[in-house]
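When a residue number appears, it is its place in the shown sequence, counting from 1.
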Amino acid sequence: MALERTLILIKPDAVQRRLIGRVITRIEDKGLSIIGLKLLQVTPEISRLHYAEHVSKPFYPELESFITSGPLVALAIEGPEAITVMRTLMGKTNAREAAPGTIRGDLGASRQMNLIHGSDSPESAQRELAIYFRADELVSAPTLLTSVLWAKEEQ
Ligand code: IDP
Ligand code: MG
């Protein structure tokens, strides 16, 4: 099973709503490791880099003004199949349609202000992590819990 890294953003709506702790708790509860963490203000330049696939879409101007509207928290998360595990934990893009039990499903009701970003593939994860973190800002340490969180072949 692949040990993966993924980029998570706790978006400005969640920061404004004082939900940083609750979102991080859900990630920690799942057993994933935080290997990088910072609070920052995204600039229009970073937004265009990050959302390169959406820049030409009609909703991009709104998305840029939302993602640059205030501080956000960037997290580098590591664990077995962390990319898919995080996408499942986040729920569907439109928080109104996201299942109860997911972060978006429980905490939001908007398609745009949907609290959290998570990379959608290994290629995106690598590309996006490099936007927010230098290699020396990531600290991956084995957790003592590994043997009680995952079977040998899952680690
Ligand atoms: P994802 O965040 O679930 O991967 P994407 O389709 O990659 O969803 O869209 C990126 C972000 O752009 C979404 O999380 C959401 O904040 C915003 N967004 C997506 N679709 C729309 C839309 O149709 N209108 C407004 N904002 C949107
Ligand atoms: Mg996406």
Side-chain angles (χ1 to χ4, degrees), residues 1-55 63-64 66-93 95 98-99 101-108 112-155:
M1 198 158 294
L3 185 68
E4 291 177 342
R5 292 178 174 189
T6 185
L7 174 81
I8 299 299
L9 300 179
I10 303 177
K11 293 180 176 180
D13 55 331
V15 175
Q16 284 296 325
R17 292 174 55 199
R18 306 316 194 226
L19 294 174
I20 296 172
R22 286 167 69 181
V23 172
I24 289 180
T25 294
R26 282 169 177 247
I27 299 170
E28 291 195 311
D29 283 349
K30 197 71 182 167
L32 297 170
S33 301
I34 298 171
I35 61 163
L37 189 159
K38 62 172 74 166
L39 181 82
L40 74 150
Q41 173 85 41
V42 166
T43 60
E45 292 70 33
I46 298 174
S47 174
R48 284 194 292 274
L49 268 182
H50 175 99
Y51 284 125
E53 62 175 320
H54 296 310
V55 166
L63 175 59
E64 183 184 290
F66 163 55
I67 208 72
T68 61
S69 65
L72 56 68
V73 175
L75 296 154
I77 297 296
E78 186 178 74
E81 297 185 354
I83 297 167
T84 317
V85 169
M86 276 307 310
R87 293 287 296 190
T88 305
L89 202 58
M90 287 159 50
K92 285 175 76 171
T93 303
T102 64
I103 293 168
R104 287 166 168 171
D106 285 351
L107 300 176
Q112 182 187 79
M113 296 178 184
N114 57 7
L115 305 131
I116 186 165
H117 166 85
S119 309
D120 63 7
S121 67
E123 298 70 35
S124 308
Q126 199 178 11
R127 190 185 73 80
E128 293 172 3
L129 282 165
I131 297 174
Y132 294 89
F133 294 99
R134 297 191 314 265
D136 67 355
E137 291 176 323
L138 301 181
V139 183
S140 177
T143 160
L144 297 173
L145 295 178
T146 298
S147 63
V148 288
L149 283 169
W150 300 288
K152 270 260 176 304
E153 72 272 14
E154 294 174 312
Q155 291 170 21

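- Within 6.0 Å of the CD atom in Q41, the count of heavy atoms belonging to other residues, nucleotides or ligands exceeds 12.
- Here the side chains of I67 and H50 are not in contact, with every heavy-atom distance at 4.5 Å or above.
- Taken from CG in L129 to CZ in R134, the straight-line distance is 14.0 Å, to the nearest 0.5 Å.
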Begin with the C-alpha distance, continue with both residues' side-chain angles, and end with the deciding distance and a verdict on side chain to side chain contact (heavy atoms under 4.5 Å, CB included) for M113 and K11.
-> CA-CA 8 Å; M113 296 178 184; K11 293 180 176 180; over 6 Å; no
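- Proximity of E64 to Y51: side-chain heavy atoms (C-beta onward) are nowhere separated by under 4.5 Å.
- Note: N114 CG to R104 CZ = 4.0 Å, rounded to the nearest 0.5 Å.
- Considering CZ of R87 and CG of D120, their distance stands at 5.0 Å, rounded to 0.5 Å.
- Here the straight-line distance linking atom CG of L32 with atom OG1 of T143 works out to 11.0 Å at 0.5 Å rounding.
- The side-chain heavy atoms of L138 and R5, taken from C-beta on, include a pair separated by under 4.5 Å.
- Under the 3.5 Å distance criterion, with hydrogens and angles disregarded, a donor-acceptor pair is assigned to the side chains of S119 and E128.
- We find the CG-CD1 distance between L7 and I131 to be 8.0 Å, quoted to the nearest 0.5 Å.
- Within the 4.5 Å cutoff, the side chain of L39 has heavy atoms near those of the V73 side chain.
- At a threshold of 4.5 Å between non-hydrogen side-chain atoms, the residues D13 and L115 count as touching.
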Would you please test K38 and F133 for side chain to side chain contact (heavy atoms under 4.5 Å, CB included) and show each step?
-> CA-CA 9 Å; K38 62 172 74 166; F133 294 99; 3.8 Å; yes
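- By the 6.0 Å contact criterion, CG on L144 is open, its count of non-hydrogen atoms from other residues, nucleotides or ligands being 12 or less.
- Contact annotation: the side chain of L149 never approaches that of E154 to less than 4.5 Å [non-hydrogen atoms, C-beta and beyond].
- With hydrogens and angles ignored, the 3.5 Å screen pairs no side-chain donor or acceptor of E78 with any backbone N or O of S33.
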Tell me, with the steps shown, if L72 and I10 meet side chain to side chain contact (heavy atoms under 4.5 Å, CB included).
-> CA-CA 6 Å; L72 56 68; I10 303 177; 6.0 Å; no
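- No more than 12 heavy atoms of other residues, nucleotides or ligands shown are found within 6.0 angstrom of CZ on R22.
- Nearest approach of I35 to I77, heavy atoms of both residues: CG1-N, 4.4 Å.
- Within the 4.5 Å cutoff, side-chain heavy atoms of V42 are placed close to those of Y132.
- Taking all atoms of both residues into account, the shortest heavy-atom contact from E4 to P122 is OE2-CG, 4.4 Å.
- Here CG of L63 is found 6.0 Å from CD of Q112. Values are rounded to the nearest 0.5 Å.
- Side-chain contact between I83 and S121 is absent, with no heavy-atom pair separated by less than 4.5 Å.
- Residues S69 and P12 come closest through the heavy atom pair OG-CB, 3.5 Å.
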